[in-house]
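A, B, ... follow the sequence lines: proteins, then strands. Residue 1 opens every chain.
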Number of protein chains: 2
Amino acid sequence: MQNKITKTLKAIADPTRREIFHALVVAACAMPITQVSSQFNMSRQGVTKHLRTLEDAGLVLIQTKGRERFCYANTAPLKEINQWLKFYEKFWDDSLQNLGTYLEGKS
Amino acid sequence: MQNKITKTLKAIADPTRREIFHALVVAACAMPITQVSSQFNMSRQGVTKHLRTLEDAGLVLIQTKGRERFCYANTAPLKEINQWLKFYEKFWDDSLQNLGTYLEGKS
DNA sequence: CAAACAAGCAACTATTTGGTTGCTTAAAAT
DNA sequence: ATTTTAAGCAACCAAATAGTTGCTTGTTTG
């Protein structure tokens, strides 16, 4: 349904999800869901939903071990966002002045 | 209500909005709303709503001239996303291998 | 085996989002 | 001065989102 970059952007557009993702990145080791959710002022199910969104975007990988499900951050999908941004870097710092130029010509 | 980066990310998380933004960037000149909306298979009001979201994120600047409202892209807010990404660049390419290492230690 | 624990599933709710249409206002053109 | 045009506003709608709770399932552990 949604393409990859849209999924990734939507995943990180939510501040709670950015926090969850960040926590997993800095943890540098896999964590079972309960342990993740214990760090947030939210029900386990709430966190699970966010984790699923992140997993769907590939930003979190989950591996089952017995009754536990270990979550781990994967930053790779962020590369695509970086690529997307690269195109617009060319336009940084000259947008406003162009607007000025254009509007002057009009008046 | 929402902080800046969240607004920016939400704005570009929508594919239609990314298209509108892109069209304005490559146009390199300000365009009245009707002209923007003519490029999309959507009502003018639909496009206007998206433009407002983009404007609220600072990605589009709008200046009124008579009965027209000229829209212009401003890429500056993307810098903040770039900053956000920078932190995670450090972790690119080693996420998966760390997971492997961790899980091996567990078994 | 029984108790405790990790997590999934389903149902429900409120809010936000992406879109529409109809009507009004104000500026420009004829 | 009338008509056309640009755009705003408001109301409405369906679908998605962010969250909750209650219950079940399956794995550990005592």
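No hydrogens or angles considered: a donor-acceptor pair under 3.5 Å links the side chains of T6(A) and N3(A).
When distances are taken from the side chain of R67(B) to each of dT4(D), dG8(D), dA18(D), the shortest belongs to dT4(D). For K10(A), counting side-chain heavy atoms from C-beta on, the closest listed nucleotide (dT17(D), dT17(C), dA6(D)) is dT17(D). Taking every side-chain heavy atom of E68(B) into account, dA6(D) is the closest of dG19(D), dA6(D), dA7(C). Residue T16(A) places its side chain closer to dG19(D) than to any other of dT17(D), dG19(D), dG22(D). Minimum atom distance to the side chain of R17(B) is reached by dG18(C), of the listed dT20(D), dT21(C), dG18(C).
As rounded to whole Å, 13 Å separates atom P of dA16(D) from atom CG of D14(B). Separating the CG atom of L54(A) from the P atom of dT17(D) is a distance of 13 Å, rounded to the nearest angstrom. Atom CD1 of I33(B) is separated from atom C1' of dG8(D) by 9 Å (rounded to the nearest Å). In this entry the distance linking CG of L51(A) with C1' of dG19(D) reads 14 Å, nearest Å. As rounded to whole Å, 18 Å separates atom P of dC13(D) from atom CD of Q45(B). Summarising the geometry, the separation between CZ on F70(B) and C1' on dA27(C) is reported as 13 Å, rounded to the nearest angstrom.
Residue-to-nucleotide proximity on DNA chain D shows that, of T53(A) and R44(A), the 5′-proximal contact is made by T53(A). Nearer to the 5' terminus of DNA chain C, by closest-nucleotide assignment, is the contact made by R69(A) (compared with the other of R69(A) and K49(A)). Map G66(B) and Q35(A) each onto its nearest nucleotide of DNA chain C; the residue landing nearer the 5' end is Q35(A).
Between S43(A) and dT20(D) there is a side-chain N or O to OP1 or OP2 distance below 4.0 Å. Contact annotation: T34(B) does not reach the phosphate of dT5(D) (side-chain N/O to OP1 or OP2, under 4.0 Å).
With a 6.0 Å radius and a threshold of 12 heavy atoms from other residues, nucleotides or ligands, N41(B) has its CG atom at or below the threshold.
When each of K4(B), K86(B), K7(B) is paired with E80(B), the salt bridge (charged side-chain N to carboxylate O under 4.0 Å, His left out) condition holds for K4(B) and for no other.
Ring orientation note: the planes of Y88(B) and F21(A) are tilted relative to one another, at an angle of 30° to 60°.
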